[in-house]
Amino acid sequence: MSTGFASNCRTGLLAFGVLGGFTVVGARLYCLHVLDRRELLKPVEADRHHQIVEHAVRGNVLDVRSAILATSRAVYTVGYDPASILKPNHGTHPEDRVAQRLFLRDRRKWPELARLLGLSLAELREILLTAKPRATAAAAPDLLGATPSAALAKKSPPAPADLRITFVPPPATSPGAHPEDAHAAGHTASGPRWIKLFEDIPPATAAAINELNVHGVYVPPPTYRRVYPHKQLGAHVLGYVNHEEEPVTGLERFADFYLRGQDGWRVGEKDGHRIELAQFRSRDVAPAHGFSVRLSLDANVQDIVERELADLAARYQPEKATIIVSDPRDGFILALANYPAFDPNEYNKVPTEEMRRLNNVALGEVYEPGSVFKIVAAAGALQERLVTPGSSFDCGIDRIDYLGKVRGLPREDHHFGRLTVAEIIAHSSNRGAAQLAMQLGDRRFYDYARAFGFGEVTGLLGSLEAPRYRGGKEEPGNLRDPKMWDGLTITRMPMGHSVDVTALQMHQAMSVIASGGVRLRPQIIRDIRDTAGNIVRRYDRAELNRAISPATAATMARLLMAVASKEGTAPEAAIPGYEVAGKTGTTQKLEDLLLPDGRKTKTYSSRHHVASFVGFFPASRPQLVISVIVDDADAHAPNGVAYGSKVAAPSFKRIAEQLITYRDIKSGPAPTAGVLALQGNLR
C-alpha cells in the first residue's frame, strides 16, 4: 500500500538533479562573468563606448588693419536615416498603435520641415517614405519665417560634386545621434543608413530642424570650411585650404602650425537608443582653436594694386604681370599681386590648362631683369670708389680689351658717345653698364650681385617645396659663379642678361638703395595672436647684410632720380612735387629658333619683351618701393614693343599717386635740374 511519499531514492535523485543544474548554471555564469568576461564585453563596450572628435576652428588671417582675409565658417548638413524614419502602421498590436501615434506626431511636423528645407510637402514625403535620395545635395537657404511658396522659389542650385561633405551616420533612432558613430560603410544589408538632404545650411535653420525632433532626421555637429571673404584679393599671398582642410599653398601652408589649432575629443557611453550619456564621459579634451595671423598686407593697398593689374590686363593682354609694394624702412610687404589670379574659394574650378594661375609668379617664376639690373654694377663701382658720378666712359665703341682679351660690347638702342656715370644711369647705356662691371672685375661684380640678394630665395613664404604652378615653391633664380662664365658674361650680365631673377628679388635689390644700403628680409607676417587676442609672436625688421654704405645709397638714389626726369628713360613715372627714383627695364625674351640643320637654339626675340619699372619715393626719405613687371604685352603696346617706360612706368605713377593720398605721404623737393646739373652736384 502506497504511503503517498516518494522514496528516498527518488528524493535523492531529484535533489542531485536540482543541485547539478545549479552547479552547471553557476559554472556557466562563472565562465561568462569571470573567465570570458573581457572577450564577451568587447563588442558591447565597442557599441556603448565611443569617441567623438571635436574639430578645432582654423585661425583667421587678418590684414594690417585687422580686416579678415581668411576665416573658417561652420558648415551644417541635414540628412536622414531611412531605417529610423517612422512609417504608417495599421496593425492592432499595442506596439503598432504606439508606432501609429508617433508617426502621426512626426507627420504634423513635416510641413514645417519641408519649409525649412525649401521643399514641397509632397517632395519631402516622397523622400522620407521611399528612402529616395535627392539627385544632388544642394545648399539650403535660410528660410526661417518664409512661406512654403517662398521656400520653393528660393531653392539653391545643386552644389558641385567635389564640394559635397560625406558623413557616415549611425543606425540611430534619435536626432541627437552623431554621424561619426556609424559603421564605416554607412550602409546596412537593407540599404543606406544616411541620405543627405542639404549641406551648407545656415546655423539658425540647423537649430530649427534639430528642435523639431523629427524621428530619423537630424543635423550633426558642424564641420568647418575655409572662406576668403574678399575672393581673389591677395590670393597668391594667402594661398588656399582644400575641402579636406589641408593647406596647399601660400600663407595658409607657411603658417599652418599656428593656424590649424588642435582637435579635441571625448569618450563616453550610449544607451540602447544610442544616445550619449554625458554623465559617463571618461575623457573630455576641449579643442584648442587656431591662432590668428595678422599680416603687413593692407587690403586697401592690395585693392589699388589689383585694380591696376586688371587695367593693365584689359589694355595690353599680357601673358602675366606682377606688382609689389613694400615699406623700405622695415622690409614689410604692403601688397603683392599677380595676373592672372584666381579665387581661393573656387580653386577647384580653375581649368586644367590654366593651372598656372595658381602659381605665385612673384616668387615662383624667373625672368631676365634687363636694365633694372644696372643698379648693381653702378652701386658696386661707386662703393669701391672706382668711379664718381662724373667719371666718363666711351659708350660709342663696340669692342674693348678686358683682361688681355678683346670683348664685344652689347648694342645700344640709341647712339651714344662719351657718357658720365650719371648719364649712363639716366640714359640706360648697355655699354656703359658693362664698363662699370669691368671696373669691378668678375668676382667683385658677382659678389655685389649676391649682396643685393640675387641667386638665393628671399624666404617670404618659407620657400616651400611643392609642385610647380601650385604657388608653393620659391625660385632662387640663376646667378652663375664666375667660374662658369664665358667671355661675354661680364658684358651681358650688367645689362640684365645671362641672369635670371624673380620679381621679388628685383624688388628687394631696389629696396637696398631705398633703405640706405641694407638688405632687409622681405616679410609679410606682423604678429600672431592667440584666441584671446594676446600676441604670442611678433616679427620685426630683419637685416640680412649691408650691401653698400649709406653714402653710396644716397648717391644712387639721386642718380636714379634722373631716370624719372625729362632727360631720363622714364619721364612717365615722374610725379609733380615728389622725388621719384627708379629704373626701367625692357628685356627681350628668349625664344626657340630652328636652325637649317634641324637643331634648336635660343635667341632673343624682337617681338616679345618683359617691361618693368622698379622705383621708390620720396627719393631723399623713401617710404614706398613699387615694382611693376609686365610680361609679353607687345601685341597691344604702342608700335608693337612693350617698353618699360610706356607700359610699366605709367602704372607705377598711378599707384603712387593713389598711395600718396591714402598714406598721407608729404611732398618733398622735386627734381628740377637736368642730368648735367645733377652730374655737377654729385662730383
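Every heavy atom of this structure was used, including side-chain atoms; hydrogens, water molecules and symmetry mates were not.
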Legend entry - Residue among Glu346, Glu252, Glu245 satisfying salt bridge (charged side-chain N to carboxylate O under 4.0 Å, His left out) with Arg226: Glu252
Inset, instruction - Give the C-alpha distance, both sets of side-chain angles, the deciding distance and a yes or no for ring-ring contact (aromatic ring centres under 6.0 Å, His included) between His289 and Tyr224. - result: CA-CA 12 Å; His289 299 309; Tyr224 294 91; 7.5 Å; no
Inset, instruction - Provide the closest heavy-atom pair for Asn60 versus Leu259 in the form atom of the first, atom of the second, distance. - result: O-CD2, 3.8 Å
Legend entry - Ile535 side chain near Ile528 side chain, heavy-atom distance below 4.5 Å: no
Legend entry - Distance-minimising heavy-atom pair for Val293 and Ala255: CG2-CB, 4.2 Å
Inset, instruction - State whether the side chain of Ser326 and the backbone N or O of Pro328 hold a donor-acceptor pair below 3.5 Å, judged by distance alone. - result: no
Legend entry - Any donor-acceptor N/O pair, Asp481 side chain to Met484 backbone, under 3.5 Å: no
Inset, instruction - Heavy atoms only: give me the nearest Phe454-Ala509 pair and the separation to one decimal. - result: CZ-CB, 3.4 Å
Inset, instruction - Find out whether Thr249 and Arg253 are in side-chain contact, i.e. whether some heavy atom of one side chain is under 4.5 Å from a heavy atom of the other. - result: no
Legend entry - Gap separating the OH atom of Tyr339 from the CG atom of Leu309, nearest 0.5 angstrom: 9.5 Å
Legend entry - Note, Asp303 side chain near Arg307 side chain (heavy atom, < 4.5 Å): yes
Legend entry - Atom of Phe254, atom of Leu460 and distance for their closest heavy-atom approach: CE2-O, 3.9 Å
Inset, instruction - Check whether the side chains of Asn338 and Thr322 place a donor and an acceptor atom closer than 3.5 Å, and report yes or no. - result: yes
Legend entry - Pair Asp527 + Arg537: basic N to acidic O under 4.0 Å: no
Inset, instruction - Answer yes when Arg519 and Glu456 have at least one side-chain N-carboxylate O distance shorter than 4.0 Å, and no when they do not. - result: yes
Inset, instruction - Please tell me if the side chains of Lys602 and Asp592 come closer than 4.5 Å, counting only heavy atoms from C-beta onward. - result: yes
Legend entry - Arg521 CZ to Thr458 OG1 distance, which is reported to the nearest 0.5 Å: 8.5 Å
Legend entry - Side chain Asn545, main chain Ala451, donor-acceptor under 3.5 Å: yes
Legend entry - Exercise: do His608 and Asp634 side chains pair donor with acceptor under 3.5 Å: no
Inset, instruction - Determine the minimum heavy-atom distance between Ala449 and Leu479, stating which atoms define it. - result: CB-CD2, 3.8 Å
Legend entry - CG-CD1 distance between Leu119 and Ile127, expressed to the nearest 0.5 angstrom: 5.5 Å
Legend entry - Rounded distance (nearest 0.5 Å) linking atom CG of Asn345 with atom OH of Tyr240: 12.5 Å
Inset, instruction - Return yes if some donor-acceptor pair links the side-chain N/O of Gln505 with the main-chain N/O of Thr502 below 3.5 Å, else return no. - result: yes
Legend entry - Side-chain ion pair, Arg225 and Asp200, N-O less than 4.0 Å: yes
Legend entry - Short N-O contact, Arg526 and Asp540, less than 4.0 angstrom: no
Inset, instruction - Take Leu251 and Leu295, measure what side-chain contact (heavy atoms from CB on, under 4.5 Å) needs, and give me the verdict at the end. - result: CA-CA 10 Å; Leu251 192 280; Leu295 307 182; 4.0 Å; yes
Inset, instruction - Using only heavy-atom distances, determine whether the side chains of Tyr662 and Asn300 contain a donor-acceptor pair under 3.5 Å. - result: yes
Legend entry - Phe617 versus Ile626, closest heavy-atom pair with distance: CE2-CD1, 4.1 Å
Inset, instruction - Say whether, by atom type as modelled, one donor and one acceptor occur between the side chain of Gln588 and the main chain of Ser605 under 3.5 angstrom. - result: yes
Legend entry - 4.5 Å side-chain heavy-atom contact, Val630 and Pro318: yes
Legend entry - Flag, side chain of Asn242 to backbone of Glu246, donor-acceptor distance under 3.5 Å: yes
Legend entry - Side chain to side chain, Leu461 and Ile524, heavy atoms closer than 4.5 Å: yes
Legend entry - Pair Phe198 and Tyr76, ring centroids less than 6.0 Å apart: no
Legend entry - Arg58 with Asp256: basic N within carboxylate O range, under 4.0 Å: yes
Legend entry - Sidechain-backbone polar pair: Asn478 side chain, Val499 backbone, donor-acceptor under 3.5 Å: no
Inset, instruction - Decide, yes or no, whether a salt bridge links Arg541 with Glu543 under the criterion of side-chain N to carboxylate O below 4.0 Å. - result: yes
Inset, instruction - Under the side-chain contact (heavy atoms from CB on, under 4.5 Å) rule, what do Ser371 and Lys583 come out as? Steps first, then yes or no, please. - result: CA-CA 7 Å; Ser371 295; Lys583 188 72 189 73; 3.6 Å; yes
Inset, instruction - Decide ring-ring contact (aromatic ring centres under 6.0 Å, His included) for Phe342 and His236; before the verdict, give the C-alpha distance in whole Å, the side-chain angles of both, and the deciding distance to 0.1 Å. - result: CA-CA 8 Å; Phe342 70 102; His236 288 111; 5.4 Å; yes
Inset, instruction - Would you confirm whether Gln262, through its side chain, and Pro287, through its main-chain N or O, come within 3.5 Å as a donor-acceptor pair? - result: no
Legend entry - Gap between atom OH of Tyr367 and atom CD of Glu475 - 0.5 Å precision: 14.0 Å
Inset, instruction - May I ask you to decide whether Lys196 forms a salt bridge with Glu199, counting only side-chain N to carboxylate O separations under 4.0 Å? - result: yes
Legend entry - Any donor-acceptor N/O pair, Gln302 side chain to Leu336 backbone, under 3.5 Å: yes
Legend entry - Full working for side-chain contact (heavy atoms from CB on, under 4.5 Å) between Val305 and Val325: CA-CA 8 Å; Val305 164; Val325 181; 3.7 Å; yes
Inset, instruction - Assign the ring pair Phe291 / Tyr258 to parallel, tilted or perpendicular, where the plane angle (0 to 90°) is split at 30° and 60°. - result: parallel
Inset, instruction - May I ask you to say whether Asp327 pairs ionically with Arg329, meaning some side-chain N is under 4.0 Å from a carboxylate O? - result: yes
Legend entry - CD-CD1 distance between Glu308 and Ile655, expressed to the nearest 0.5 angstrom: 5.0 Å
Legend entry - Salt bridge present between Glu368 and Lys589 (N-O < 4.0 angstrom): no
Legend entry - Residues Arg315, His636; criterion side-chain contact (heavy atoms from CB on, under 4.5 Å); working and verdict: CA-CA 7 Å; Arg315 185 177 307 172; His636 297 84; over 6 Å; no
Legend entry - Between Phe616 and His507, ring centroids under 6.0 Å: no
Legend entry - Asp63 (side chain) donor-acceptor with Ala299 (main chain) under 3.5 angstrom: yes
Legend entry - Heavy-atom check, side chain of Val372 versus side chain of Thr584, under 4.5 Å: no
Inset, instruction - Salt-bridge test for Asp311 and Arg654: reply yes if a basic N is under 4.0 Å from a carboxylate O, no otherwise. - result: no
Inset, instruction - Could you tell me if the ring centre of Tyr604 sits under 6.0 Å from that of His497? - result: yes
Inset, instruction - Would you indicate whether the side-chain heavy atoms of Lys320 and Arg357 approach each other to under 4.5 Å? - result: no
